[in-house]
Amino acid sequence: MSVKIVFADKQQLDFPEGTTVAQAAQAWNSKALDGAVAARVNGVSVDLGAPLQADGALDLIDMHSADGLAVLRHSISHVMAHAVQDVFAEAKVTIGPSIEDGFYYDFDCDTTFTVDDFPKIEKRMQEIVDADHPFVREELSREDAIRLFADRNETYKVELINDLPADVSVVSLYKDGDYVDLCRGPHIPSTGKIKAFKLLSVAGAYWRGDERNKMLQRIYGTGFADPEALQEYLDLIEEAKKRDHRRLGRELDLFQTNDEAGAGLIIFHPKGMMLRYLIEEWERQEHIKRGYDMVMGPQILKVDLWKKSGHFDHYRENMYFTEVDEQTYGIKPMNCLSHMLIYKSKIRSYRDLPLRYFELGTVHRHEKTGVLHGLLRVRQFTQDDAHILCMPEQLNSEIRAIADFVNYAMGVFGFEYEVELSTRPAHSIGSDADWELATRALENALKDNAIPYEVNEGDGAFYGPKIDFKLKDAIKRKWQCATIQCDFTLPERFDLSYIGPDGEKHRPVMLHRVILGAIERFMGVLIEHYAGAFPVWLSPVQATILTVTEKHIPYAQTVHEALLASGIRSETFFDNEKLGYKIRQAQMQKIPFMLVVGDKEAESQTVAPRARDGRNLGAMSVEQFVALVREMCENRAR
RNA sequence: GCCGAUGUAGCUCAGCCGGUAGAGCAACUGAUUCGUAAUCAGUAGGUCACCAGUUCGAAUCUGGUCAUCGGCUCCA
C-alpha cells in the first residue's frame with residue numbers, strides 16, 4: 001500500500017505506508033528539514049517521526065514560526081521538568097504548556113524553589129540537551145498509563161488521565177531519556193535541537209487555576225530558535241522595564257503611592273494631575289458632542305439602595321461601608337444608582353429616549369491586596385462612566401454609536417484593540433430570558449456592524465453581559481478599558497418606565513459603558529504606550545525655557561509669560577548650570593520643546609526651539625512658536 | 001486572599017558569622033557666566049518599613065503587622 005502526499009509546492013509524491021514524515025519531506029526536498037520541528041498532515045500537528053498512514057497534504061512547521069516556537073517551547077518545558085526532577089527528586093509534575101513568549105511548568109514540591117536554584121536547573125537542562133535524547137512518542141491504554149504514572153507517584157498525571165472524556169481510550173506519552181510525560185505532542189525530534197533557553201521567574205499557581213486547590217510552584221522560562229533571538233527578547237524585557245509606568249511616574253514626577261496613605265490609592269502630583277485634567281477635559285468635550293448629559297452623584301448612598309440594586313448581595317465583599325448617624329452607607333463601587341434616581345425624578349416619554357447620563361465618577365472597590373499594581377489596579381478610581389436608558393429597539397444604534405466612539409478614542413491615542421463578548425457568569429442576577437435578550441442585543445449589534453469579536457463565556461458582569469474592548473499596550477499586554485454592558489435588571493429593580501406612543505408604561509433598557517475605563521488605569525497604559533514622551537497636546541509641560549547664562553533671565557521670563565498667556569504650558573529652567581546640563585535634564589523629562597535663550601535670541605526677540613528628538617528648529621518668534629505648538633495639538637502630533 | 005521574594009538617605013544600591021551605618025546620583029552652599037545630553041569644590045541628609053521578642057548589645061536572629069515586586073485567582 002502506498003500513500004499520496006501533497007507538499008507545500010503542490011508537488012505530489014507516493015510513499016509506502018508507514019514512511020515517516022521526515023523521510024517523506026527529505027525525499028521531497030533535501031533541505032526541507034532544516035529548521036523544521038514538526039509538521040502538519042491534513043492540518044493536524046504531528047511529530048517529524050510520525051508514520052504516514054493515509055493520503056494527505058503535508059507541510060512542515062518551522063522553528064521560527066509561531067507554531068514552531070510553541071512546539072519548541074513545549075519541548076523545553078519537558079526538558080525543564082526532567083531537570084527539576086533530577087535536582088529535586090520529590091517534585092511532582094503537573095502541567096507545562098507553551099505560552100505567549102515562553103512556557104511554564106507547575107510542580108508540587110515541598111522544597112520551595114527560588115531563582116537561586118535556576119543555575120542548577122539550567123545546568124542540568126543543558127546536560128539533557130547535550131545528550132540529545134530523542135523525544136519518543138508512545139501510545140498506551142488509559143489503564144496502562146494510569147498504572148505507569150501511579151508507579152512513578154505522579155498523582156497529578158493520574159488525575160489528569162482520569163478526568164479525560166470517557167471516549168478517550170488511548171493516551172500518548174513522550175519520553176526523553178528516562179523522563180516520561182503525559183502529552184498530546186507534537187515535540188521536536190530530540191533535545192539536541194534546543195539552542196536557546198532561559199528560566200525567568202518562579203511563582204505560585206493554583207492546581208487547575210482554582211483558588212480552592214493546592215498552590216503549586218510554577219517556573220516560567222522561554223526559548224527561541226537561536227541565542228540571538230533569545231537575547232533580543234531579553235533586551236525587550238529590559239526596554240519594557242524602562243517604560244514601566246510606576247518607574248516613569250516617579251521619574252517624571254506624575255504621581256505617588258504612599259504606605260501612610262494606604263495601598264491602591266494614587267496621589268497625583270502637579271504634572272500627573274495636568275495629564276489627567278487634559279484627558280478628562282477632552283472626554284467631556286467628546287461626550288457633549290455625542291449627546292450625553294453630564295451628571296454627578298454622591299460618593300456614599302444608603303445601604304438599602306445597594307440592597308435594592310443587588311450590589312449588597314452580589315458585590316458586598318468589594319464594597320466599603322461607613323456608619324453615619326446610625327445609618328449604614330455604602331461607598332459607591334459603581335455609578336449607576338444615582339443615574340437611576342435621576343431617571344426616576346420625573347415621568348419619561350418615549351420621545352425623551354435615549355437619555356445618556358455621563359459622569360466622571362469616582363468609585364472605591366476593595367480589591368484583594370495581591371492584585372494591586374501601580375495605576376493599573378487600584379482601590380479608588382474614576383470611570384468615564386455613562387448609563388444610556390433607551391427603548392429596546394434603540395439598543396442596536398446606541399451600541400453602534402458607542403463602538404464608534406471607542407474606535408475614535410482609541411485612534412486618538414493610537415491604540416489597537418480587540419473585541420470580546422462576555423456572557424453570563426456563574427454568580428448573577430436576572431432571569432434567563434433577560435440574559436438571553438441582552439446577550440442577543442450585544443451580539444446582534446456587533447454582527448450588524450461587522451465588528452469582529454470573540455466570545456468569552458461566563459465573563460459578564462453579575463447584572464448583564466458585556467462587550468469588552470481590550471487594548472494592547474506597548475509591551476503587547478492586553479488591558480480591558482472600554483466596555484459596554486447591557487442591563488435589563490436594574491431598570492426592573494428600580495421600576496423605571498417611560499410612556500410609549502400607546503400611552504402605556506414600558507420598561508426601558510439600560511446600557512452601562514465606559515470608553516477609557518478607569519482614568520487611572522488608562523493613564524498607566526498611556527504612560528507605557530508613549531514611554532512617558534507624551535504627544536504635545538497631552539504633555540504636562542510643553543516647553544521649557546533654558547537660559548544660556550544668568551543675564552538672559554529677564555528676557556526668558558518675558559518669553560515664559562508670553563507663552564503662558566497664549567495657553568502654552570511653559571516652564572523655566574534658570575539654574576546656574578551649563579546649557580548642556582539643562583538640555584540633558586529637559587530631555588530626561590521628555591519635554592517636547594526646549595527653548596534656548598541666549599544673546600542672539602534676546603537681541604532678535606526670538607527663541608531657538610530644540611525638539612525632543614534632538615532637532616534644532618532654528619530661531620523663530622514667540623508667535624511662530626505658539627502657532628507651531630497649537631498646530632501640533634490640533635493634529636495630536638507627537 | 002494565596003505562593004514566593006523584597007523593604008537601609010529623595011533615587012539606585014553596599015553593609016561577611018549580632019558590636020549603635022556607607023557609595024554614586026539628586027539636594028543645599030560657594031565658585032564659575034558657560035550655545036544644544038552631566039563645570040568644579042564643599043556641606044547637609046538615615047526612627048535601617050512598623051511593633052514585639054531573644055541578647056550585655058539587633059539594620060543583622062525570631063514572631064507579627066504594613067507595604068512593594070513576580071505570579072495565581074479576581075478585575076475598570
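What you are looking at is a predicted structure, and each value in this text was computed from that prediction instead of being measured. First the proteins, then the strands, lettered A, B, ... as listed; each starts at 1.
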Quick one: do A:T155 and A:D108 satisfy side chain to side chain contact (heavy atoms under 4.5 Å, CB included)? Show the steps, please.
CA-CA 10 Å; A:T155 52; A:D108 183 5; over 6 Å; no

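- Spacing of C1' atoms, B:G1 relative to B:G53, comes out at 28 Å, to the nearest Å.
- Between A:L252 atom CG and B:G10 atom P the separation is 20 Å, expressed in whole Å.
- Taking the ring-ring contact (aromatic ring centres under 6.0 Å, His included) definition, one finds that A:H366 meets it with A:Y320, sequence neighbours left out.
- A 6.0 Å sphere centred on CE of A:M296 holds no more than 12 heavy atoms belonging to other residues, nucleotides or ligands.
- In this structure, A:Y581 atom OH and B:U36 atom P are separated by 17 Å, rounded to whole Å.
- On the P atoms, B:G64 is 42 Å away from B:A26, given to the nearest whole Å.
- Of the residues near RNA chain B, A:I583 and A:L216, the one whose nearest nucleotide (by heavy atom distance) lies more toward the 5' end is A:L216.
- Atom name P, nucleotides B:C50 and B:A58: the rounded distance is 15 Å, in whole Å.
- Within the 4.5 Å cutoff, the side chain of A:F312 has no heavy atoms near those of the A:M319 side chain.
- At a threshold of 4.0 angstrom between heavy atoms, the contacts of A:D599 include nucleobase atoms, whether or not backbone atoms are also involved.
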When every nucleotide of nucleotides 67-76 of chain B is labelled 5' to 3' by its protein contacts under 4.0 Å (heavy atoms), B for base, S for sugar-phosphate only, - for none, what sequence of letters results?
SSSBBBBBBB

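- Straight-line distance between the C1' atoms of B:A23 and B:G57: roughly 27 Å, to the nearest whole Å.
- Side chain of A:S621 to main chain of A:T606: no donor-acceptor pair is present (N/O by atom type, distance under 3.5 Å, no hydrogens or angles).
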Bracket notation of RNA chain B in which parentheses pair within the strand, [ ] cross earlier pairs, and | pairs with another strand (Watson-Crick or G-U, under 3.5 Å):
(((((((..((((.....[..)))).(((((.......))))).....(((((..]....))))))))))))....

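- Summarising the geometry, the separation between CG on A:L248 and C1' on B:C11 is reported as 14 Å, rounded to the nearest angstrom.
- Going from the P atom of B:U54 to that of B:C11 covers 34 Å, rounded to whole Å.
- Taking atom P in both B:A21 and B:A9, one finds a spacing of 15 Å when rounded to whole Å.
- Counting to the nearest Å, the C1' atom of B:G35 and the CG atom of A:L595 are 14 Å from each other.
- Atom CG of A:L579 is separated from atom C1' of B:G35 by 5 Å (rounded to the nearest Å).
- Side-chain to base pairing of A:E601 with B:G35: one donor and one acceptor N or O lie within less than 3.5 Å of each other.
- For the pair A:R356 (side chain) and A:E398 (backbone), a donor-acceptor distance under 3.5 Å is absent.
- Looking at every heavy atom in both residues, A:K332 comes nearest to A:G361 through NZ-CA, 4.3 Å.
- Counting only heavy atoms from C-beta outward, the side chains of A:F625 and A:L595 approach each other to under 4.5 Å.
- Looking at A:Q299, its side chain never comes within 3.5 Å of a backbone N or O of A:I331 through a donor-acceptor pair.
- Spacing between B:G70 and B:U62 at atom C1', rounded to whole Å, works out to 26 Å.
- No engagement by A:K582 is indicated, since no non-hydrogen atom pair under 4.0 Å with the nucleic acid exists.
- Residues A:E251 and A:M588 fail the side-chain proximity criterion, which asks for heavy atoms closer than 4.5 Å.
- When the P atom of B:A31 is taken as reference, atom CD of A:E550 falls 10 Å away, rounded to whole Å.
- B:G71 sits 43 Å from B:C28 when the C1' atoms are compared, rounded to a whole Å.
- Sparse packing is recorded around CD of A:E100, with 12 or fewer heavy atoms of other residues, nucleotides or ligands lying under 6.0 Å away.
- Glycosidic torsion of B:C56 falls outside 90° of 0, placing the base in anti.
- One can place CG of A:D108 at 14 Å from P of B:C3, the figure rounded to the nearest angstrom.
- Between the CG atom of A:D613 and the P atom of B:A37 there is a distance of 13 Å, rounded to whole Å.
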